[in-house]
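Written below as structure tokens is the structure these notes are about.
Side-chain atoms are counted along with the backbone in the values below, which use heavy atoms only and exclude waters and symmetry mates. Note that this is a predicted model, so its numbers are computed, not measured. Along the sequence shown, the residues carry numbers beginning at 1.
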Amino acid sequence: MNKTVFLLLSLLFFSAGIRAQASDEKNKINSVLEVWHKAAANANFELYFDQMTSDGVFIGTDATENWQNKAFRIFSKPYFDRGKAWSFSALERNIYLNEAKDFGWFDELLDTQMKLCRGSGVLKKVDGQWKIAHYVLSIAIPNENVTAVVQLKQEKDSVLTSALRKQKQ
């Protein structure tokens with residue numbers, strides 16, 4: 001076999017191996033997210049928080065919801081104790097990896113009790129396992145409804161904005 005053909009075949013197999021590894025890691029991340037969402041729907045508190053890093057962050061739909069892991073556990077516990085926390089199911093999901101394949105990020109469109117929502121986040125490998133380090137949940141608002149929503153939340157947003165600006169001074 002001539003050297004050029006050997007080199008081309010080697011590159012082909014190498015690149016196929018890299019794509020397969022990336023696909024495998026994306027499948028693992030997808031599984032973590034599916035388990036995480038299902039754990040909430042089934043009120044499995046331990047399984048839910050096992051999918052997150054110990055310093056994980058959950059950003060909720062309310063402007064005041066920037067939950068560090070410990071505070072999020074405390075906030076969430078009563079919902080899980082009732083037998084059902086919340087139910088999110090992915091309608092679509094995009095997963096991305098860094099070159100080292102030890103960090104991943106994603107976005108997902110979700111079917112929820114709040115209708116369509118958007119989730120996005122970051123996962124990192126901890127002891128060889130993918131864990132959710134940061135998650136952001138937002139309610140998807142159709143562009144033609146933004147003006148009405150802005151008017152609806154204007155008063156509360158003004159109060160919160162003023163308070164936060166005073167804190168910065």
Side-chain angles (χ1 to χ4, degrees), residues 25-98 102-126 129-169:
E25 294 303 318
K26 287 180 179 183
N27 288 337
K28 289 176 184 176
I29 288 172
N30 189 63
S31 292
V32 167
L33 294 169
E34 289 297 317
V35 166
W36 192 55
H37 289 316
K38 189 172 183 180
N42 294 332
N44 188 331
F45 184 84
E46 292 304 321
L47 183 60
Y48 183 83
F49 281 98
D50 283 349
Q51 306 312 303
M52 296 181 75
T53 61
S54 60
D55 61 349
V57 176
F58 185 100
I59 308 294
T61 58
D62 189 284
T64 63
E65 292 181 310
N66 185 326
W67 300 103
Q68 305 305 302
N69 190 301
K70 185 177 179 182
F72 188 47
R73 285 174 178 263
I74 293 166
F75 165 80
S76 300
K77 187 77 166 98
Y79 293 96
F80 282 84
D81 287 347
R82 285 194 310 226
K84 185 172 182 186
W86 42 86
S87 184
F88 300 168
S89 61
L91 299 170
E92 73 178 24
R93 181 177 290 140
N94 299 296
I95 299 172
Y96 311 91
L97 294 167
N98 69 340
D102 58 355
F103 274 90
W105 57 99
F106 66 95
D107 58 81
E108 57 187 5
L109 187 62
L110 302 165
D111 182 11
T112 80
Q113 66 273 13
M114 298 173 283
K115 300 303 176 200
L116 290 179
C117 286
R118 178 73 65 186
S120 62
V122 176
L123 293 92
K124 66 180 181 179
K125 276 197 172 177
V126 177
Q129 300 295 314
W130 286 105
K131 299 284 184 178
I132 300 163
H134 194 99
Y135 189 79
V136 179
L137 179 67
S138 58
I139 297 173
I141 300 168
N143 289 334
E144 60 270 13
N145 299 120
V146 169
T147 300
V149 171
V150 169
Q151 289 173 350
L152 181 67
K153 64 190 212 96
Q154 183 174 352
E155 187 177 330
K156 279 193 170 192
D157 281 4
S158 294
V159 170
L160 182 58
T161 300
S162 179
L164 291 171
R165 284 191 175 135
K166 284 180 185 175
Q167 285 179 2
K168 287 180 77 174
Q169 295 175 356

List the atom of [X], the atom of [Y], and the distance in Å for their closest heavy-atom pair.
| X | Y | answer |
| --- | --- | --- |
| Phe45 | Arg73 | CE1-O, 3.6 Å |
| Leu33 | Glu108 | CD1-OE1, 4.5 Å |
| Ile29 | Trp130 | CG1-CD2, 3.6 Å |
| Ile95 | Lys26 | O-CE, 3.2 Å |
| Ala85 | Ala43 | N-CB, 4.3 Å |
| Asn69 | Thr53 | ND2-O, 2.8 Å |

**Request:** Show your working on side chain to side chain contact (heavy atoms under 4.5 Å, CB included) between Asn42 and Tyr48 and close with a plain yes or no.
**Result:** CA-CA 9 Å; Asn42 294 332; Tyr48 183 83; over 6 Å; no
**Request:** Look at atom CD of Glu34 and say whether more than 12 heavy atoms of other residues, nucleotides or ligands are closer to it than 6.0 Å.
**Result:**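 Correct, the count exceeds 12.
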**Request:** Count the heavy atoms belonging to other residues, nucleotides or ligands that lie under 6.0 Å from CD of Glu144, then report whether that count exceeds 12.
**Result:**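 Check passes, neighbour count above 12.
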Sidechain-backbone polar pair: [X] side chain, [Y] backbone, donor-acceptor under 3.5 Å:
| X | Y | result |
| --- | --- | --- |
| Gln51 | Leu47 | yes |
| Asp62 | Thr64 | yes |
| Ser162 | Ser158 | no |
| Asn98 | Asp102 | yes |
| Lys38 | Ser89 | no |
| Asp111 | Leu91 | no |

How long is the straight-line distance from [atom2] of [Y] back to [atom1] of [X], given to the nearest 0.5 Å?
| X | Y | atom1 | atom2 | value |
| --- | --- | --- | --- | --- |
| Phe106 | Asn94 | CZ | CG | 11.0 Å |
| Leu123 | Lys28 | CG | NZ | 13.0 Å |
| Ser76 | Phe58 | OG | CZ | 7.5 Å |
| Leu116 | Ser138 | CG | OG | 11.0 Å |
| Ile139 | Leu110 | CD1 | CG | 11.5 Å |
| Asp50 | Ile132 | CG | CD1 | 11.0 Å |

**Prompt:** Hey, what's the ring geometry for Trp67 with Phe72, parallel, tilted or perpendicular (30° and 60° as the breaks)?
**Reply:**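 Ring orientation, 0 to 90° scale: tilted.
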**Prompt:** Where do Lys156 and Val159 land on the side chain to side chain contact (heavy atoms under 4.5 Å, CB included) test, with the steps shown first?
**Reply:** CA-CA 5 Å; Lys156 279 193 170 192; Val159 170; 5.8 Å; no
**For Leu137, the option from Glu65, Met114, Arg118 that meets side-chain contact (heavy atoms from CB on, under 4.5 Å)** = Met114
**Step-by-step ring-ring contact (aromatic ring centres under 6.0 Å, His included) determination, Trp86 to Phe80** = CA-CA 9 Å; Trp86 42 86; Phe80 282 84; 5.5 Å; yes
**Message:** side chain to side chain contact (heavy atoms under 4.5 Å, CB included) for His134 and Ile59? Distances and angles first, verdict last.
**Reply:** CA-CA 8 Å; His134 194 99; Ile59 308 294; 3.9 Å; yes
